[in-house]
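The next block holds one structure in the form of structure tokens; read it before the comments.
The analysis underlying the following values was restricted to heavy atoms, covering all of them including side chains, and did not include hydrogens, waters or symmetry mates.
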Amino acid sequence: METRINPMVNEVGAKVAKHIISAGRIVTDSGLPNTVRELVNIRASQINGCGGCLDMHTKDLAAAGESTVRINLVGAWRETTVYTEAERAALELTEQGTRLADTSGVTDQAWANAAEHFDEDQLMALVAQICLINAFNRLNVITRTPGGDYQPGQFG
């Protein structure tokens, strides 16, 4: 796969990425658990086919000590027993929030389920994380930013 343009080197792309990363720091400091954030990042990236983000977030989660079983089963989370109810609620909200064009949006049931497990600030952080990873997925997929070379912690 040949990269069309490197958004991290291009002046405009680097500025956009800087602001998305800055917004991501707000989510990081919000109290939303890191594992939930990374599971959200992985699931949205799977749906969007973003190799660059999948490379980054699977490696970062592994470096944080997460089991390979939980990392590898994210795409089939409904058919597993390895995720908490809160993680399952976050993954459902991620799927619905990522596939907006495929459905009528996020269901009240998915929202209520997430609201059972996260306080209002964490819920807003979860929504923001879904938005941010989708923005990065689109940036990387459109520019053909490949996965494979990321080293854990490389950008942080």
Side-chain angles (χ1 to χ4, degrees), residues 1 3 6-8 17-18 20-103 106-107 109-119 121-156:
M1 180 171 93
T3 303
N6 184 336
M8 301 308 267
K18 176 183 171 185
I20 297 171
I21 291 166
S22 179
R25 286 191 188 105
I26 296 166
V27 176
T28 300
D29 296 339
S30 70
L32 185 68
N34 181 59
T35 300
V36 171
R37 283 187 303 103
E38 291 296 358
L39 292 172
V40 163
N41 291 338
I42 291 167
R43 186 65 191 121
S45 299
Q46 289 171 332
I47 292 167
N48 291 322
C50 184
C53 289
L54 275 169
D55 185 34
M56 177 181 189
H57 296 293
T58 56
K59 287 176 179 175
D60 281 348
L61 197 51
E66 189 56 68
S67 75
T68 55
V69 169
R70 284 175 38 93
I71 294 169
N72 291 335
L73 292 178
V74 172
W77 64 270
R78 284 181 183 83
E79 291 80 30
T80 69
T81 59
V82 299
Y83 302 104
T84 67
E85 290 303 314
E87 291 166 343
R88 296 168 85 70
L91 289 166
E92 176 67 23
L93 194 64
T94 300
E95 287 184 359
Q96 290 188 18
T98 299
R99 293 183 165 133
L100 293 174
D102 298 340
T103 65
V106 174
T107 65
Q109 181 180 357
W111 181 263
N113 192 24
E116 284 182 30
H117 299 284
F118 301 100
D119 66 30
D121 286 344
Q122 291 174 323
L123 194 56
M124 189 64 241
L126 177 58
V127 170
Q129 188 63 44
I130 294 165
C131 295
L132 292 169
I133 192 59
N134 273 281
F136 257 125
N137 287 168
R138 282 149 177 78
L139 181 70
N140 286 334
V141 169
I142 293 167
T143 61
R144 289 189 177 160
T145 301
D149 295 329
Y150 177 77
Q151 298 299 313
Q154 176 178 333
F155 297 123

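- Take D55 and apply the side chain to side chain contact (heavy atoms under 4.5 Å, CB included) test, not counting sequence neighbours, and it matches K59, Y150.
- The minimum heavy-atom distance between N140 and C53, with the atom names listed, is ND2-SG, 3.3 Å.
- Within 6.0 Å of CG in D149 there are 12 or fewer heavy atoms belonging to other residues, nucleotides or ligands.
- Here CD of E95 is found 11.0 Å from CG of D102. Values are rounded to the nearest 0.5 Å.
- Here E92 pairs with R78 under the salt bridge (Lys or Arg N to Asp or Glu O under 4.0 Å) rule; sequence neighbours left out.
- Among all heavy-atom pairs drawn from V82 and V69, the shortest one is CG1-CG1, 4.1 Å.
- Take R70 and apply the salt bridge (Lys or Arg N to Asp or Glu O under 4.0 Å) test, not counting sequence neighbours, and it matches E66, E87.
- Summarising the geometry of R43 relative to L91, their closest heavy-atom pair is CB-CD2, 3.7 Å, with the distance given to 0.1 Å.
- In this structure, CG in L54 is found 8.5 Å from NE2 in H57, a value given to the nearest 0.5 Å.
- Identified under the side chain to side chain donor-acceptor pair (under 3.5 Å) test for residues 121-131, with sequence neighbours left out: N41-Q129.
- Scanning for salt bridge (Lys or Arg N to Asp or Glu O under 4.0 Å) contacts around R25 gives an empty result, with sequence neighbours left out.
- Taken to the nearest 0.5 Å, the CG atom of L32 stands 9.5 Å off from the CG atom of L123.
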For this session: Output, in order, the C-alpha distance, side-chain angles, deciding distance and verdict of side-chain contact (heavy atoms from CB on, under 4.5 Å) for Q96 and T103.
Result: CA-CA 8 Å; Q96 290 188 18; T103 65; 5.6 Å; no
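- The number of heavy-atom neighbours closer than 6.0 Å to CZ of R99, taken from other residues, nucleotides and ligands shown, is above 12.
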For this session: Apply side-chain contact (heavy atoms from CB on, under 4.5 Å) to V74 and T80, showing your working.
Result: CA-CA 9 Å; V74 172; T80 69; over 6 Å; no
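- Shown here are the side chain to side chain contact (heavy atoms under 4.5 Å, CB included) partners of V141, two or more places apart in sequence or in another chain: C50.
- Partners of T35 according to the side chain to side chain donor-acceptor pair (under 3.5 Å) rule, which considers only residues two or more places apart in sequence or in another chain, do not exist here.
- Among residues two or more places apart in sequence or in another chain, the side chain to side chain contact (heavy atoms under 4.5 Å, CB included) test is passed with T98 by A44, I47, N48, T94, I130, N134.
- In this view, S30 satisfies the side chain to side chain donor-acceptor pair (under 3.5 Å) rule with no residue, not counting sequence neighbours.
- Using modelled atom types, one side-chain atom of D60 and one backbone atom of G153 make a donor-acceptor pair closer than 3.5 Å.
- Contact of the F136 side chain with the M56 side chain is not registered, since no non-hydrogen atoms from C-beta on lie closer than 4.5 Å.
- Nearest approach of V36 to A90, heavy atoms of both residues: CG1-CB, 3.7 Å.
- Listed by chain and residue number, nothing satisfies the side chain to side chain donor-acceptor pair (under 3.5 Å) test with W111 (two or more places apart in sequence, or in another chain).
- Under the salt bridge (Lys or Arg N to Asp or Glu O under 4.0 Å) criterion, R37 pairs with no residue, sequence neighbours left out.
- In this structure, the side chains of H117 and T84 stay at 4.5 Å or more apart for every pair of heavy atoms.
- Taken to the nearest 0.5 Å, the CG atom of L73 stands 8.5 Å off from the OG1 atom of T81.
- Here T68 contributes atom OG1 and I71 contributes atom CD1; the two are 7.0 Å apart, rounded to the nearest 0.5 Å.
- A search for side chain to side chain contact (heavy atoms under 4.5 Å, CB included) contacts involving E116 returns N113, not counting sequence neighbours.
- When all heavy atoms of Y83 and R88 are compared, the closest pair comes out as O-CD, 3.7 Å.
- Between atom CG of residue N137 and atom CG of residue L132 there is a gap of 11.0 Å, rounded to the nearest 0.5 Å.
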